[in-house]
Amino acid sequence: MQNAIGVFDSGLGGLSVLNSAATLLPNEQFIYVADSLHAPFGNKSDEFILKRCQVICEFLIKQNVKCILLACNTATLACVVTLRAQFDVPIVAIEPGLKPAVIKSQTKKILMLATQSTLQSNNYQSLRNTHASDCEIFEQACNGWVELVESGHSLLETNNLNLKVIKQYLSDIPKNGIDQIVLGCTHYPFLKPLIIKCIKQSQYENNISIVDTSNAVANHLKTILLTHKLLKPNVKHSIKQLTLYSSALKVDENLLNSLCQLSVDFKGQFES
Ligand code: DGL
């Protein structure tokens, strides 16, 4: 496929970013790689994550992509600098939305939900030092949330077991005066209905905003395509199909269709 945009994540979470990008850029073709065999990245070392990202970028470049959208906060913080130095195509990458949360916060108390690896990374610490030195940041690694999305169980919104998995990390909010919750992992936007339900159940009336940077990243992607003269001109019919590869042998088609706004053409494993 000529001149598509390559998108990847540890699994299917990056489809939350892909949905925003495809809505904003309806003329563009996208190839998505889910490294589902190696998900989650959030409990792996930087070296492991870098190796996986290198394999995926090489594969995407072989597919002639014109640009790569790194739809994984964990990988951005672990290795995007190295990837940008190694590969010639522009790489647009998502990072936890601390900056917009700081701008919006009245209470100056923010809850950052992300993976263990993200929260422990030096790059996250410097993001925090640069943008949030006047705020109190509560950090929470949400072990189990990625698996909830990948398993498809999160689609059963009213299921009490799901609510329990979500609630365990949100129970301190009423005491803390937090008014911004940052979804610092691309899997978490798919859990938004459950997160909202938990907040409502805690009867916490303070106005809490949920910060999800998918749209901001899609806008940034558009700017980069324009800057590099890579944006596709308008065509009559928008592209409604996504080409998807995985490192896993199988993907659940029902799950794919519920997570992705485009119809998905699953091509199989991208490496043997
Ligand atoms: N969705 C990814 C992120 O944004 C990675 C989650 C994981 O695999 O642990 O961080």
Side-chain angles (χ1 to χ4, degrees), residues 6-21 30 32-57 68-81 83 91-101 111-125 127-128 139-154 165-166 169 181-192 194-195 210-218 220-221 244-248 251 255-256 259-260:
V7 186
F8 74 95
D9 179 35
S10 63
L12 300 175
L15 290 173
S16 62
V17 189
L18 184 278
N19 286 334
S20 295
F30 294 90
Y32 187 94
V33 173
D35 200 8
S36 300
L37 198 62
H38 303 99
F41 278 1
N43 58 8
K44 308 282 193 315
S45 68
D46 285 3
E47 293 71 31
F48 179 89
I49 296 168
L50 171 63
K51 269 196 195 124
R52 294 307 307 156
C53 290
Q54 286 169 322
V55 168
I56 297 167
C57 286
I68 290 176
L69 173 56
L70 176 41
C72 176
N73 295 270
T74 307
T76 300
L77 295 171
C79 62
V80 73
V81 175
L83 296 175
I91 300 180
V92 174
I94 193 162
E95 65 179 21
L98 203 49
K99 203 173 156 188
L111 176 62
M112 170 60 69
L113 304 175
T115 67
Q116 196 82 49
S117 167
T118 291
L119 296 175
Q120 284 172 354
S121 72
N122 291 338
N123 287 328
Y124 170 74
Q125 290 309 323
L127 193 70
R128 188 184 152 148
E139 281 145 5
Q140 182 63 60
C142 301
N143 301 326
W145 284 19
V146 168
E147 290 85 344
L148 201 60
V149 174
E150 295 285 325
S151 68
H153 289 154
S154 61
V165 177
I166 302 297
Y169 301 125
I181 299 181
V182 183
L183 305 182
C185 167
T186 55
H187 282 75
Y188 300 171
F190 292 117
L191 299 172
K192 220 165 150 181
L194 283 164
I195 294 171
I210 298 181
V211 181
D212 164 11
T213 48
S214 310
N215 288 338
V217 176
H220 184 55
L221 172 65
L244 185 138
Y245 295 85
S246 174
S247 51
V251 288
L255 177 60
L256 275 183
L259 298 182
C260 186

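Just the heavy atoms: all of them, side chains too, but no hydrogens, waters or symmetry mates, feed the values below. Both ligands and their constituent atoms are indexed starting at 1 by order of listing.
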Inset, instruction - With heavy atoms of Asp9 as the reference, note each atom of ligand 1 found under 4.0 Å away. - result: 1 (N), 2 (C), 5 (C)

Inset, instruction - Using non-hydrogen atoms of the residue, decide whether Cys72 is closer than 4.0 angstrom to ligand 1. - result: yes

Legend entry - Closest protein heavy atom (residue, atom, distance) for atom 9 (O) of ligand 1: Gly42 N, 2.8 Å

Legend entry - Pairwise distance CD1(Ile166) to NZ(Lys192) - rounded to 0.5 angstrom: 13.5 Å

Inset, instruction - Identify, by atom number and element, the atoms of ligand 1 in contact range of Thr74, meaning under 4.0 Å from any of its heavy atoms. - result: 3 (C), 5 (C), 10 (O)

Legend entry - Sole candidate of Leu113, Val182, Asn73 that passes side-chain contact (heavy atoms from CB on, under 4.5 Å) when paired with Tyr188: Leu113

Inset, instruction - Drop me the distance from Tyr32's OH to Ile56's CD1, to the nearest 0.5 angstrom. - result: 9.5 Å

Inset, instruction - Answer yes or no: does an N/O atom from His187 fall short of 3.5 Å to an N/O atom of ligand 1? - result: yes

Legend entry - Pairwise distance CD(Gln116) to CD(Glu139) - rounded to 0.5 angstrom: 11.0 Å

Inset, instruction - May I ask you to identify the nearest protein heavy atom to atom 7 (C) of ligand 1, giving residue, atom name and distance to one decimal place in Å? - result: Phe41 N, 3.3 Å

Legend entry - Enumerated ligand 1 atoms positioned under 4.0 Å from heavy atoms of Val146: 6 (C), 7 (C), 9 (O)

Inset, instruction - Ignoring angles and geometry beyond distance, decide whether Thr186 reaches within less than 3.5 Å of ligand 1 through its nitrogen or oxygen atoms. - result: yes

Inset, instruction - Return yes if a side-chain donor-acceptor contact under 3.5 Å exists between Ser121 and Asn123, otherwise no. - result: no

Inset, instruction - May I ask whether Gly13 has any heavy atom positioned less than 4.0 angstrom from an atom of ligand 1? - result: no

Inset, instruction - Measure the CG-NE2 distance between Leu12 and His187 for me, rounded to the nearest 0.5 Å. - result: 6.0 Å

Inset, instruction - Taking all non-hydrogen atoms of both residues into account, name the closest pair between Val7 and Phe30 and its distance. - result: CG2-CD2, 3.8 Å

Legend entry - ligand 1 versus Asn73: contacting region, heavy-atom distance under 4.0 Å: both

Inset, instruction - Below 4.0 angstrom from a heavy atom of Ser10, which ligand 1 atoms are there? Numbered from 1 as shown, please. - result: 5 (C), 6 (C), 7 (C), 8 (O)

Inset, instruction - Answer whether the closest heavy-atom distance between the side chains of Ser20 and Val217 falls below 4.5 Å. - result: no

